[in-house]
Amino acid sequence: MSIGSKDRHGPDQARIAATEGLGMRTTELPLVVVLGEQEPPLLDRIKDRARLRRVGEPHLADALRAADALLVWDFLTDALPAAWPEEGGPRWVHTASAGVDKLLFPALLRSDAVITNSRGVFEEPIAEYVAGLVLAMAKDLPGTLDRQRSRTWQHRATERVAGTRAVVVGGGPIGRAVARVLGALGLRVTLVSRRARPHDAEFGRVHGFGELPGLLPEADWLVSAAPLTDETADLFDATLFARMKRGARFVNVGRGPLVVEDDLVAALHEGRLAGAALDVLRQEPLPADSPLWSVPGLLISPHMSADTHGWLEDLAELFLANFACWAAGRPLRNVVDKTLGYVPVGEAPGGTPHTEEGSS
Ligand code: GLV
């Protein structure tokens with residue numbers, strides 16, 4: 001899935017302007033458009049190898065017409081479909097995210113632009129965050145904070161997580177990192193992926209999406225770490241929550257639209273679920289007047305599970321490493337399969353082949 005052809009994807013072609021009459025050739029540097037309100041760190045390292053133009057959404061369409069490459073720094077933008085040019089446009093699009101759902105619109109899918117993502121930056125931080133949520137719920141940390149605020153000394157017994165069962169949906173590197181960390185806490189983890197894998201080197205058997213309903217009655221924890229695609233949109237709905245054990249809990253660190261939020265709230269209200277945590281929501285930022293903020297048993301965080309100190313530098317370093325490949329006509333890292341909507345099997349960060357099932 002990597003790019004081997006400098007001619008098709010490299011920056012040099014058509015960027016060499018010959019000034020014939022003067023007997024002089026000038027080489028124009030490739031134009032890299034950076035979409036985002038914030039300035040990414042470290043990019044001045046390539047200022048003598050690229051013309052960098054940072055734009056916000058209002059100037060995106062103009063900028064894209066001339067761009068050779070696009071860095072989607074503001075990866076939650078909805079502006080790209082309307083701004084994508086009818087003809088031409090960037091030949092390489094890199095996103096500072098694992099999820100590429102905002103890039104899966106028809107014009108970009110049809111174009112021969114290559115999409116790469118930031119796989120490799122987020123896996124372990126997200127896994128730690130999920131472990132934090134699981135422990136917070138099992139140990140009732142929210143209840144302890146409430147009591148501290150009201151200066152109430154009320155002893156309670158809490159739950160052990162070791163020996164409980166978790167189903168993790170998402171068989172890519174994020175889901176796998178989550179499964180690994182939960183496993184280290186003693187949970188018995190079952191991994192569910194787009195395609196079943198009967199002999200996974202690390203997890204033994206990986207189940208397919210179709211097996212998910214059958215796994216839920218045994219699960220104490222259901223963790224969503226899947227990419228958002230046509231296949232996964234609205235996956236976690238009333239039908240699945242109804243299959244869950246009474247008192248189980250749910251965590252979503254994938255994308256908001258994986259979950260039918262009204263169905264989740266109903267499952268919490270009726271006690272089918274004892275708790276849930278959403279780090280991603282259908283509407284982001286969640287408006288202050290959303291009823292979700294005050295649903296009992298629901299922990300909400302603002303799409304931050306992956307973001308640990310230094311993450312922006314890590315994202316920039318990954319982009320710069322890929323830029324070096326692109327500029328040299330070498331294979332890019334983390335090439336997204338446009339038909340699947342994620343970096344597929346065999347693409348490891350850095351391009352080292354391995355045997356992992358794909359996901360975001
Ligand atoms: C964050 O949500 C990402 O996709 O990287």
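As the structure lists them, so they are numbered: ligands from 1, and atoms in each ligand from 1.
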#### Entry: Positive for side chain to side chain contact (heavy atoms under 4.5 Å, CB included) with Leu71, one of Val93, Leu35, Leu43
Leu43

## Note on the structure
Residues Leu215 and Thr190: closest non-hydrogen pair is CD1-CG2, 4.0 Å

### Query
Near Phe122, which atoms of ligand 1 are under 4.0 Å from a heavy atom of that residue?
5 (O)

### Summary
In ligand 1, the atoms that come under 4.0 Å of a heavy atom of Arg255 are 1 (C), 2 (O), 3 (C), 4 (O)

### Query
In terms of side-chain geometry, is the basic nitrogen of Arg176 or Glu123 positioned less than 4.0 Å from the acidic oxygen of its partner?
no

### Task
Starting from atom 3 (C) of ligand 1, find the nearest protein heavy-atom neighbour and note its residue, name and distance.
Ala98 N, 3.2 Å

#### Entry: Nearest non-hydrogen partners of Pro227 and Thr232, listed with the distance
O-OG1, 2.7 Å

### Message
Please list, in number order, the atoms of ligand 1 under 4.0 Å from a heavy atom of His303.
### Response
1 (C), 2 (O)

